[in-house]
Structures are given as structure tokens and as C-alpha cells.
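In listed order, ligands and their atoms are each counted from 1. No experiment lies behind these values; they were computed from the predicted model shown.
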Amino acid sequence: MQARQFLLASRPTGAPTPENFALRTVELPPLESGQVLVRNEMLSVDPYMRPRMDDRPSYVPPYELGEPLTGGAVGVIIASESPDRPVGARVRHSYGWRDLAIASARETELIPDTEFPLSYHLGVLGMPGLTAFAGLTEVGGIREGDVLFVSGAAGAVGSLAGQFGRLLGASRVVGSAGTDEKATLVVDQLGFDACFNYRNGPVREALRAACPDGLDLYFDNVGGDHLGAAIEQLRLGGRIAVCGMIADYNRPPDERGIKADVFQIIAQRLSIRGFISTDHLALRPTFLETVGGWLRDERLTYRESITEGLENTPTAFIEMLRGGNIGKAVVRL
Ligand SMILES: NC(=O)c1ccc[n+]([C@@H]2O[C@H](COP(=O)([O-])OP(=O)(O)OC[C@H]3O[C@@H](n4cnc5c(N)ncnc54)[C@H](OP(=O)(O)O)[C@@H]3O)[C@@H](O)[C@H]2O)c1
């Protein structure tokens with residue numbers, strides 16, 4: 001049997017381009033004992049994949065040149081050499097960027113429910129959802145009445161962080177996004193109290209106008225000038241859950257950083273904490289029960305940007321980094 005899979009053909013310099021990717025057809029070996037063959041139905045494209053394309057150590061090893069890319073995927077088992085993973089079972093795993101995947105049973109996670117679409121397990125019920133939930137609760141320590149600011153508010157994590165924040169007790173939720181259309185959608189469809197387009201002027205001024213009395217918790221998806229502005233706008237005892245720094249992902253480390261009055265960290269006794277979603281896997285049962293309940297009760301608006309066809313996976317990834325997506329960016333095969 002043959003599979004089609006994307007390799008990292010070259011490492012991007014700055015923003016990735018289609019030339020950094022190559023689609024190859026490979027012959028799959030027969031399954032070994034304990035393995036399954038999965039027909040992928042939906043693939044995830046995520047910002048963290050961009051830093052992994054650089055040859056630099058991080059919390060996950062870099063992608064190897066000439067090797068198949070990996071990433072979140074959901075699909076159906078079409079052949080099995082594992083008693084725990086029957087043919088027909090739906091699973092989530094990390095062998096994305098391809099149409100067919102061989103995985104050992106322990107590398108796959110069964111998706112038992114049929115209540116929600118499969119793609120939700122790459123988004124609201126998957127890694128981005130857990131990231132938003134853990135970032136607000138275990139990292140940001142959200143409290144009743146908090147004024148919450150979420151950057152990347154129209155994206156996968158941000159759109160959920162703002163809505164979860166409201167349901168977890170925030171009294172005011174402010175967002176930022178990269179177009180006027182997104183900013184309007186974030187307020188009208190996702191229920192944020194305010195959202196500004198960060199491209200329309202200095203973030204510091206827009207944030208001050210949106211939170212004139214300051215803020216208590218900043219859920220940071222962006223870094224850079226957003227992080228600097230939040231440090232200056234947080235009130236006494238304010239907290240920052242540092243989730244992502246997408247503004248810097250296309251830049252080398254020596255060009256990253258913030259320009260801000262960092263003395264405010266002392267004056268306002270701020271807590272700034274970075275986190276990785278996989279540090280919070282113990283929270284998953286609570287997360288699934290809580291967020292599953294909110295979905296069932298129709299208390300969440302969940303958006304996806306779906307790209308059709310395996311061959312368009314690099315385009316979906318490149319466009320997501322540029323802001324082409326609203327909600328979770330996924331590829332349907
Ligand atoms: N710590 C963790 O475990 C963890 C887990 C998941 C995600 N993350 C991080 O969370 C952030 C959001 O991830 P996601 O999966 O939800 O992606 P996403 O927000 O759905 O997509 C990325 C978005 O980033 C925005 N963006 C791109 N360049 C930007 C810039 N220079 N300044 C401001 N915004 C920019 C774009 O929206 P606009 O049109 O609004 O610019 C784009 O839509 C990323 O930084 C990611 O690395 C962290």
C-alpha cells in the first residue's frame with residue numbers, strides 16, 4: 001500500500017514558503033504486531049510547527065530535513081495488529097502531514113464519543129482547547145471578576161480562551177486580532193466585550209483604551225508589543241499566562257524581545273508564567289467534562305477554517321501563520 005506524506009525539504013528563512021515542503025509517495029511496510037494503519041481524515045496545522053522547522057533545540061526536537069513532518073491528526077483505523085484498536089475505531093495521533101499513517105497502538109488515543117465532529121478533537125476538545133483551559137486555570141489562576149485580555153482572539157486558542165474566561169468568571173473580556181473583520185467577529189459572535197485590530201495603531205494605546213481601569217489577567221498568544229503593553233496595563237497582583245509568541249516565530253532569537261516599562265513587574269507584583277499544554281495532561285478529564293458540557297449546552301461558539309486536500313497542507317500552514325484562519329486551522333482529506 002502506498003501513502004503520500006510531506007517532508008521538510010528545506011528550513012525556512014523567515015516566513016515559510018511552499019518550496020520548504022515536498023510531497024512524496026512511499027511504499028508502506030506490512031504492519032508489525034501491536035501496530036495499526038490509520039486513514040487520516042483531518043490534519044492539524046499549528047504555529048508550534050514553525051519553530052520546529054529551525055535547527056535549534058527547544059522543548060520539542062527540531063524536524064529533521066528530508067524526514068516526514070509530524071503533527072496532530074484524527075482518522076479511522078483501517079487495518080490492525082492490536083487487540084485494543086479494532087478496525088473502524090476513531091483515533092487521534094501525531095502522524096499528520098500524510099494520508100495514511102502506521103502507528104503503534106500506544107501512540108494512538110481512542111476517540112470514544114460520536115457526539116462531536118472528529119475535527120473537534122484537534123481543536124476545542126484537543127490540544128488548543130486544553131491549552132486555553134489550563135492557561136486560564138492552572139497557569140493564570142483566573143478569578144471571579146477578573147478583567148481578562150486575550151491576544152490572537154480570533155485564532156484557535158484565543159477564541160476559546162476568551163469564551164472559557166467568561167464562563168470561568170471574568171467580568172470583562174478584551175481581545176486583539178489582525179483585521180477589522182476579525183475584531184468585529186470576536187465581539188459579535190464570540191461574545192468578547194471589546195476587540196481591537198492591533199494593526200491599526202500602537203497596541204499600548206489600544207489596550208489602554210479598551211481597559212481604562214487596567215486588567216488582571218493576560219493570556220498571551222503573541223508576545224512582542226502585546227506582552228509589553230500588557231505588562232504596563234496590569235493592575236496590582238496581575239498575572240500573565242504566556243502561551244505563545246507568534247510575533248517572533250519567523251525571527252532569529254537575537255531579534256526577539258519586548259520594549260516595555262518592565263519595572264511595572266515589581267511595582268505591580270506581577271506573575272509571568274510560561275507553559276506548555278502537555279505539562280497539564282492531568283487536567284484532561286476535568287477539561288473534557290467541563291468543555292464537553294459547555295458545547296452540549298451550546299454555551300460556546302466554535303469556529304474552524306477548513307482547507308481541502310492533503311496537497312494543500314503547506315498552504316494551510318503558511319496561511320495560518322499569516323492570519324488567514326478564523327478559529328482552528330485544519331485540513332480535510
Ligand atoms: N504553550 C502551548 O502549549 C501552546 C499550545 C497551542 C498554541 N500555542 C501558541 O498559542 C498561539 C496561538 O496558537 P493557535 O494554534 O491558536 O493559532 P491561531 O491563533 O489559530 O493562528 C495563528 C494566528 O496568529 C496570528 N498572528 C500571526 N502573526 C502575528 C503577529 N505578528 N502578531 C500577532 N498575531 C499574529 C494570526 O491572527 P491575526 O490575524 O489575528 O494576526 C493567526 O491567525 C501561538 O503562539 C501558539 O504557538 C501554545
Shortest heavy-atom approach to [atom] - which of [options]:
| atom | options | answer |
| --- | --- | --- |
| atom 7 (C) of ligand 1 | V186, V157, D225 | V157 |
| atom 18 (P) of ligand 1 | A154, A156, A134 | A156 |
| atom 14 (P) of ligand 1 | A153, G155, P47 | P47 |
| atom 39 (O) of ligand 1 | R251, E319, K182, R322 | K182 |

For ligand 1, is there an N or O atom under 3.5 Å from any N or O atom of [X]?
| X | result |
| --- | --- |
| D46 | no |
| G158 | no |
| H226 | no |
| C243 | yes |
| N325 | yes |
| V222 | no |

Atoms of ligand 1 close to F275 [distance to a heavy atom under 4.0 angstrom, numbered from 1]: 1 (N), 2 (C)
Under 4.0 Å to a heavy atom of T131 - the qualifying atoms of ligand 1, by number: 2 (C), 4 (C), 5 (C), 6 (C)
Pair R251 + D248, salt bridge at N-O below 4.0 Å: yes
T179 and E181: side chain donor to acceptor below 3.5 Å: no
Between S159 and K328, a side-chain donor and acceptor under 3.5 Å: no
Shortest non-hydrogen contact from F317 toward P16: CE2-CG, 3.8 Å
Structural part of M127 in contact with ligand 1, heavy atom criterion under 4.0 angstrom: side chain
Within reach of ligand 1, part of I246 (heavy-atom separation under 4.0 Å): both
